[in-house]
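The figures here come from the full heavy-atom set of this structure, side chains too, leaving out hydrogens, waters and symmetry mates.
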Amino acid sequence: MDAEVLRLNVLLLGRPQSGKSATGNTLLGSWEFPSRFSPGAVTQECQLCCRMFPGFMRRQGSEVALRLQVLDTPAYPHCLLSLEEVKEEISGSVERVLDPGPHVVALVLRADVPFCEEDCELIQLAENEDDGALHVDLLGPAWRSHTLLVLSRSDSLDRAGVSGEEYLRQASGAFQTLLQSLEHRHHFVDNSTAWLHTEGRPLLEKLFSIARHNKYKALQLR
């Protein structure tokens, strides 16, 4: 890896209207991905956006830049695309534009709605259960160690007077199981703010920390 420029490849996953594309914009600090209210999924195909962050960190007394590459993906469950079609679109796009693969996955769920069946279906993008045996599918067996659970629309918690700690304590058993499997790695984000960089920097640092913990090893998609 280049001593002066580090690369971070981020793969976004989320269900329709989860705030997935908005989270990508928050990470990049600009409005690159289409993101709007819609009764269905807005993102129909993968889109890659990049940004360079000069002086992102210091290492051995020298400034190191970060090249951030964010791949937005079709939401799942999708009203027009099957699970296999979504998987094919993601795996094909990763192979074409995200060499050597995603270093980290941002799994985006909404904080203002309960964890539900559609969220469970979203996990099938990474793994399927068949006859009680776990069959790793799209992302390979290491996907959970590369994943950060991003809880969007955190402003709704602020308006309700609910802290992040309270939210996590009151969440459903299925949500708790997912969070535990991700070693409790999570981040609340407010994508509605006009100052994206104020929300994006802490999120970016958490994703970078996960990649560094994994020694920048990229996930190999199936």
Visitor: Between Gln69 and Arg67, does any side-chain donor sit less than 3.5 Å from a side-chain acceptor?
Guide: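 Side-chain D/A pair, Gln69 to Arg67: present.
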Visitor: Give the intermediate values and the outcome of side-chain contact (heavy atoms from CB on, under 4.5 Å) for residues Val105 and Leu139.
Guide: CA-CA 10 Å; Val105 177; Leu139 297 179; 4.2 Å; yes
Visitor: How long is the straight-line distance from CG of Leu107 back to CH2 of Trp143, given to the nearest 0.5 Å?
Guide: 5.5 Å
Visitor: Just how far is it from atom CD of Glu89 to atom SG of Cys46, taken to the nearest 0.5 Å?
Guide: 4.0 Å
Visitor: Could you please spell out the steps behind the side-chain contact (heavy atoms from CB on, under 4.5 Å) verdict for His146 and Asn214?
Guide: CA-CA 7 Å; His146 289 252; Asn214 290 313; 3.6 Å; yes
Visitor: Roughly how far apart are Glu118 CD and Cys116 SG, rounded to 0.5 Å?
Guide: 5.5 Å
Visitor: Determine yes or no for a side-chain-to-main-chain donor-acceptor pair under 3.5 angstrom, with Arg185 supplying the side chain and Leu182 the backbone.
Guide: yes
Visitor: Could you verify whether a donor N or O on one side chain and an acceptor N or O on the other, from Asn191 and Thr26, lie under 3.5 Å apart?
Guide: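 Yes, because at least one side-chain N or O of Asn191 sits under 3.5 Å from a partner of the opposite role on Thr26.
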Visitor: Is the backbone of His184 close enough, under 3.5 Å, to the side chain of His186 for a donor and an acceptor to pair up by distance?
Guide: yes
Visitor: If we only count heavy atoms from C-beta on, is the Leu71 to Val10 side-chain gap below 4.5 Å?
Guide: no
Visitor: Does any non-hydrogen side-chain atom of Asn9 lie less than 4.5 Å from one of Val70?
Guide: no
Visitor: Carefully, step by step, assess His187 and Leu148 under the rule side-chain contact (heavy atoms from CB on, under 4.5 Å).
Guide: CA-CA 7 Å; His187 185 80; Leu148 176 69; 4.1 Å; yes
Visitor: Can you give me the closest heavy-atom contact between Ile90 and Pro74, atom names plus distance?
Guide: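 Of all heavy-atom pairs spanning Ile90 and Pro74, the closest is CG1-CD, 4.3 Å.
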Visitor: Give the minimum heavy-atom separation between Tyr167 and Ala111, together with the two atoms involved.
Guide: CE1-O, 3.0 Å
Visitor: With side chains defined as the heavy atoms from C-beta onward, is the minimum distance between Leu8 and Val104 less than 4.5 Å?
Guide: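 Yes - at least one pair of side-chain heavy atoms lies under 4.5 Å apart.
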Visitor: With a 4.5 Å cut-off on side-chain heavy atoms, are His78 and Gln44 touching?
Guide: yes
Visitor: Mark yes or no for whether Ser154, through its side chain, and Val189, through its backbone, hold a donor-acceptor pair below 3.5 Å.
Guide: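 Yes: the side chain of Ser154 pairs with the backbone of Val189.
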Visitor: Whether the side chain of His103 engages the backbone of Ala218 through a donor-acceptor N/O pair (distance < 3.5 Å, no angle test) should be reported.
Guide: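 No, His103 side chain to Ala218 backbone: no donor-acceptor pair under 3.5 Å.
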Visitor: Take Leu66 and Leu204 through the side-chain contact (heavy atoms from CB on, under 4.5 Å) test and state the conclusion after the steps.
Guide: CA-CA 10 Å; Leu66 178 70; Leu204 180 56; 4.0 Å; yes
Visitor: Find the distance between OG (Ser18) and CG (Leu13) and round it off to the nearest 0.5 Å.
Guide: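 Taking OG in Ser18 and CG in Leu13, the distance rounds to 9.5 Å.
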Visitor: Do Arg7 side-chain atoms and Asp99 backbone N/O form a donor-acceptor pair below 3.5 Å?
Guide: yes
Visitor: For Gln220 and Pro100, work out which heavy atoms get closest and say how close.
Guide: NE2-O, 3.6 Å
Visitor: Distance only, no hydrogens: is a donor on one side chain within 3.5 Å (strictly under) of an acceptor on the other, for Arg144 and Ser181?
Guide: yes
Visitor: With a 4.5 Å heavy-atom cut-off, do Ser209 and Lys206 have their side chains touching?
Guide: no
Visitor: Could Glu165 and Arg169 be called an ion pair, given the rule that one side-chain N must be under 4.0 Å from one carboxylate O?
Guide: no
Visitor: For the residue pair Ser21 and Asp72, what are the closest heavy atoms and their distance?
Guide: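 Result for this residue pair: OG-OD2, 2.5 Å.
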Visitor: Atom SG of Cys50 and atom CG of Leu28: how far apart are they, to the nearest 0.5 Å?
Guide: 8.0 Å
Visitor: So does Leu109 get a backbone contact from the side chain of Asp119, meaning a donor-acceptor N/O pair under 3.5 Å?
Guide: no
Visitor: Judged by atom type as modelled, is there a donor-acceptor pair below 3.5 Å linking the side chain of Arg51 to the main-chain atoms of Leu68?
Guide: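 Judged by distance alone, no pair lies under 3.5 Å.
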Visitor: Could you tell me the separation between the CZ atom of Arg159 and the CG atom of Leu157, rounded to the nearest 0.5 Å?
Guide: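 Here the interatomic distance stands at 9.0 Å.
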Visitor: Is it true that atom CD of Glu95 has more than 12 heavy atoms of other residues, nucleotides or ligands lying nearer than 6.0 Å?
Guide: no
Visitor: Could you tell me whether the side chain of Lys20 and the main chain of Arg15 form a donor-acceptor pair under 3.5 Å?
Guide: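 No, because the side chain of Lys20 does not come within donor-acceptor range (under 3.5 Å) of the backbone of Arg15.
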Visitor: Any idea which heavy atoms bring Leu27 and Phe53 closest together, and the distance?
Guide: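 Heavy atoms of Leu27 and Phe53 come nearest at O-CZ, 3.7 Å.
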Visitor: Any side-chain donor-acceptor pair under 3.5 Å between Ser82 and Glu84?
Guide: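 Looking only at side-chain atoms, Glu84 and Ser82 do not form any donor-acceptor pair under 3.5 Å.
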Visitor: Would you mind checking if Arg153 and Asp190 are paired as a salt bridge, meaning a charged N to carboxylate O distance below 4.0 Å?
Guide: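 No, this pair does not count.
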Visitor: Decide whether Thr177 and Gln180 meet the rule of one side-chain donor and one side-chain acceptor closer than 3.5 Å.
Guide: no
Visitor: Under the 3.5 angstrom rule, does the side chain of Gln176 hit a backbone N or O of Leu168 as a donor-acceptor pair?
Guide: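 At least one qualifying donor-acceptor pair exists.
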Visitor: Any link between Val113 and Leu151 through a network of hydrophobic side chains (Ile, Leu, Val, Met, Phe, Trp, Tyr) touching at under 4.5 Å?
Guide: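 Not linked; separate clusters.
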Visitor: Would you indicate whether the side-chain heavy atoms of Phe175 and Gln170 approach each other to under 4.5 Å?
Guide: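 SC-SC contact between Gln170 and Phe175 ruled out.
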Visitor: Would you say that Leu98 contacts Ser93 through its side chain, given a criterion of any heavy-atom pair below 4.5 Å between the two side chains?
Guide: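 A side-chain contact is absent here, since even the closest heavy-atom pair is not under 4.5 Å.
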Visitor: So does Phe115 get a backbone contact from the side chain of Ser172, meaning a donor-acceptor N/O pair under 3.5 Å?
Guide: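 Flag not set: sc Ser172 to bb Phe115 has no pair under 3.5 Å.
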Visitor: Does atom CD of Glu45 have more than 12 heavy-atom neighbours, drawn from other residues, nucleotides or ligands, at distances under 6.0 Å?
Guide: no
Visitor: Can you name the nearest heavy-atom pair linking Pro102 to Val94, along with the distance?
Guide: CD-CG1, 3.9 Å
Visitor: Check whether any side-chain heavy atom of Met57 sits under 4.5 Å from a side-chain heavy atom of Phe208, and report yes or no.
Guide: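 In short, these two side chains touch, coming nearer than 4.5 Å.
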